Structure formats: C-alpha cells, structure tokens
S.K.: 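Pasting in a structure now, in structure tokens, and then I'll have a few things to ask.
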Amino acid sequence: MGSSEGLAPALPVLYFSSENLKPGSTSWRKTRDDVREALEEYGCFEASYDKIPSDLRNAFFGSMEEIFELPLETKMRNVSDIPYHGYIGNHPSVRLYESLGIDDVAVTEKVEAFANLMWPEGNPDFSKQTHSLVEQLSTLDMTVRKMIAESFGLQKYVDEHINSTGYLLRIMKYNSPNTTDTEVGVNSHTDKNSLTILHQNQVEGLEVQTKDGSWIKFQPSTPNSFIVIIADCLSAWLNGRLHSTYHRVMMSGNEARYSLGLFSFPKADYLIKVPEELVDEQHPLLFKPFYHKELLSFFYTEVGQAAPSALHAFCGV
Ligand SMILES: O=C(O)CCC(=O)C(=O)O
Ligand SMILES: [Fe+2]
C-alpha cells in the first residue's frame, strides 16, 4: 500500500437493508437524502448491500474465471448488435482488459443463450446464479433510481422509466501488469448508460475522479460492497443536476482483477427528454432529446472518441 492512501478521502458508504428499500419508510427517506448528497458531491457512492449471499458471489466469480479461460474462439461467439456490448479483448489497445456482455440479462432466455454459447453442453448452474444475481442487483438499481427521481420531485416518471429499462451485465478480467509499475486497465471515461453498479473480487484498481480533478481509489469496506455510479443518460435526463463521474481502472501487483457490472439503460425506443420540472431560469435546458443507442454510436465515432464529453458533443444545447 502506498503511504498516501490513508490520506485519500473515502467514498460515502450507504446501507441498503430491507428497511431502507421500503418506499415511504423513515429509513427510505433518510437513505434517499444521503443518495442525493453523495451523488451531488461524487456522482457515485459505495452501497453496502447484503442481498447477495457469499456462496452466490463466490460461485459467480468462479464461473467468470471459467469463462475467461475458454478458448478465444468460444469467447468471440459473444456478439451484440449494440456497439461494445459483446466480447472485447485480444487487442493491443486493451492489453490487460478482457470482457464479455449479456444483453437483456433480465430475460432468462438471453442468459441461457449466452451459457449455451460458452458451454455448448449446457450450464444450468450459471444461468441460475446469473438470474439470482441480476434479480438482486436490478432491485438495487431500481431503488436508487426511484430515490433519485423522488429527490427531484419526479415520482411521476418512475414507472415509465422502470418499464423502459434494459440491463446489460458485463464481466471483466484485468490481467496483472506483472511489473512494479501501475498500468491502465481501462482509461478514464464516463459510462454511457443510466446507472452502473460494479462489484469486484478482492483485487482493487477502480478509481473515481472528484470535482477538483483528483482520483479516489475505491476501497470497498466489506465483501458486500458495490459501487453505484451515475452515467450519461441519467445525468442528461436530470438536466445535468447530477454529473456522470469519470472513472478508470489502474492495475498494479501480480493478481488478476475480476469485476462485474450491471448497466441499466433506456431501451432503444425510449426518448430521453429532460422533464419540464427541471428547466427554469436558473436551470436552462442543457440537453436536446436523444436515444441511448444514438449516443453510443456517436461515442464510437472518431469525433465522439476525441470529444472531452461525448454527451455534450452529441446532444448539448
Ligand atoms: O472494472 C471496473 O471496476 C470498472 C469497469 C468500467 O468502468 C466499465 O466497464 O465501464
Ligand atoms: Fe465504466
């Protein structure tokens, strides 16, 4: 551990138990206010969430390791119509990074189809693990998004949002650099979806940027810790009241890092449009209406890659 680590600020830790998942309860209201405060300051927070038992966590991380050990041709069967939702790896620009994605992961058949691609002989255990994991993580995602909407007086949009949400599950592996140096695992970026929930094995590496431009290392305080990050679509919908946070992965040491992310995003036919409640003289409209898929496609163009913020370049007013 570096000597400066003790001095770095830690991200706020918020506790999501059965009680504060119940809308209207005192704990709900308190957690909602804490969520808003943490997101205003950092654009993310650590969620301590005990709904995923350690045997499920361990089994899922075990399956992840198995997948990454499969032959490259097998992993490359993981393709998607949406840019970068399938297999990524085996590329000089992402030396340490490899990842796969399951689109529409809340739909059982999609998980089974993915499992059949990886294990043509079938793997019902993987499908079951993924189902349980996604059920709990999507509950956390909906809870946080409901709390955010409520804190801005936007309850009336919640059902519409929940009903138009798609979920992508990505599994990531970062090889260790195996040198004494620190090496980039994933470059600094904001996510292009709505809300991201990340979880990792015991190997750290994720860093988030603060308002003053410095970096905080994410050091989960318990094995039940997840990091919840605001992404571009939600930031735009909120007319920029909450910012999508820049984050990156920096690898050091000689152990591989495994992480998983549940990414919620507005479905292809859902137009993201700032609600009129968030536009007034002090808060002029910042973003024109757009579709998530268009933002994503723009991001992967040369202009999108060169822009300091693809979101602003794409739909900023
Ligand atoms: O592996 C991680 O913890 C972060 C991954 C990430 O930022 C992403 O996939 O967008
Ligand atoms: Fe990210």
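Not measured: the values here are computed from a predicted model. Note that ligands are numbered from 1 as they come in the structure, with each ligand's atoms numbered from 1 the same way.
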S.K.: Surrounding CD of E302 (heavy atoms of other residues, nucleotides or ligands, distance under 6.0 Å), is the total greater than 12?
M.R.: no

S.K.: Are K156 and E277 ion-paired here, with the side-chain N under 4.0 Å from a carboxylate O?
M.R.: yes

S.K.: Check each of Y246, Y258, Y174, Y97 against atom 1 (O) of ligand 1 and report the one with the nearest heavy atom.
M.R.: Y174

S.K.: List, by chain and number, the other hydrophobic cluster members for V13, where Ile, Leu, Val, Met, Phe, Trp and Tyr join if side-chain heavy atoms come within less than 4.5 Å, directly or indirectly.
M.R.: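 The other cluster members (ILVMFWY side chains, heavy atoms under 4.5 Å, direct or chained) are Y15.
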
S.K.: Just let me know how H247 lines up against ligand 1, side chain, backbone, both or neither, with a heavy-atom cut-off below 4.0 Å.
M.R.: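 Only the side chain of H247 comes within reach of ligand 1.
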
S.K.: Suppose I only count heavy atoms of L198 and a 4.0 Å limit; which atoms of ligand 1 are within that range?
M.R.: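 Checking each atom against L198, I get 3 (O), 4 (C).
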
S.K.: Do any heavy atoms of R170 fall under 4.0 Å from ligand 1?
M.R.: no

S.K.: So if I count the atoms of ligand 1 from 1 in the order they appear, which ones are less than 4.0 Å from some heavy atom of F263?
M.R.: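 So the atoms of ligand 1 that pass are 8 (C), 9 (O), 10 (O).
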
S.K.: Establish, for the pair R170 and Y84, whether the NZ or CZ atom is under 6.0 angstrom from the six-membered ring centre and no further than 45 degrees off its axis.
M.R.: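 Because its charged atom misses either the 6.0 Å distance or the 45° angle limit, R170 does not stack over Y84.
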
S.K.: Would R29 and D33 satisfy salt bridge (Lys or Arg N to Asp or Glu O under 4.0 Å), going step by step from the backbone distance to the final call?
M.R.: CA-CA 6 Å; R29 288 197 295 274; D33 296 347; over 6 Å; no

S.K.: Kindly determine whether E98 and Y174 satisfy side-chain hydrogen bond (donor to acceptor under 3.5 Å, both in side chains), including the steps that lead there.
M.R.: CA-CA 7 Å; E98 207 185 342; Y174 302 85; over 6 Å; no

S.K.: Compute the shortest N/O to N/O distance between D191 and ligand 1 and return yes if it is under 3.5 Å, no if not.
M.R.: yes

S.K.: Would you check if the side chain of N78 reaches a backbone N or O of G101 as a donor-acceptor pair within less than 3.5 Å?
M.R.: yes

S.K.: When you measure from atom 3 (O) of ligand 1 to every protein heavy atom, which one gives the shortest distance, and what is it?
M.R.: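 Atom 3 (O) of ligand 1 sits closest to the protein heavy atom R257 NH2, 3.0 Å.
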
S.K.: If I compare all heavy atoms of E40 with all of L242, which pair ends up nearest, and what's the gap?
M.R.: CG-CD2, 3.6 Å

S.K.: Considering only heavy atoms of V249, which atoms of ligand 1 have at least one such atom less than 4.0 Å away?
M.R.: 1 (O), 2 (C), 4 (C)

S.K.: Is there side-chain contact between K75 and L100, with at least one heavy-atom pair below 4.5 Å?
M.R.: yes

S.K.: Hey, which protein N/O/S atoms does the Fe ion (ligand 2) have under 2.8 Å?
M.R.: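 Within the sphere that stays under 2.8 Å of the Fe ion (ligand 2), the protein atoms of type N, O or S are H189 NE2, D191 OD1, H247 NE2.
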
S.K.: Set out, in order, the CA-CA distance, both residues' side-chain angles and the distance that settles side-chain hydrogen bond (donor to acceptor under 3.5 Å, both in side chains) for S63 and Q129, then state yes or no.
M.R.: CA-CA 9 Å; S63 299; Q129 292 158 11; 2.8 Å; yes

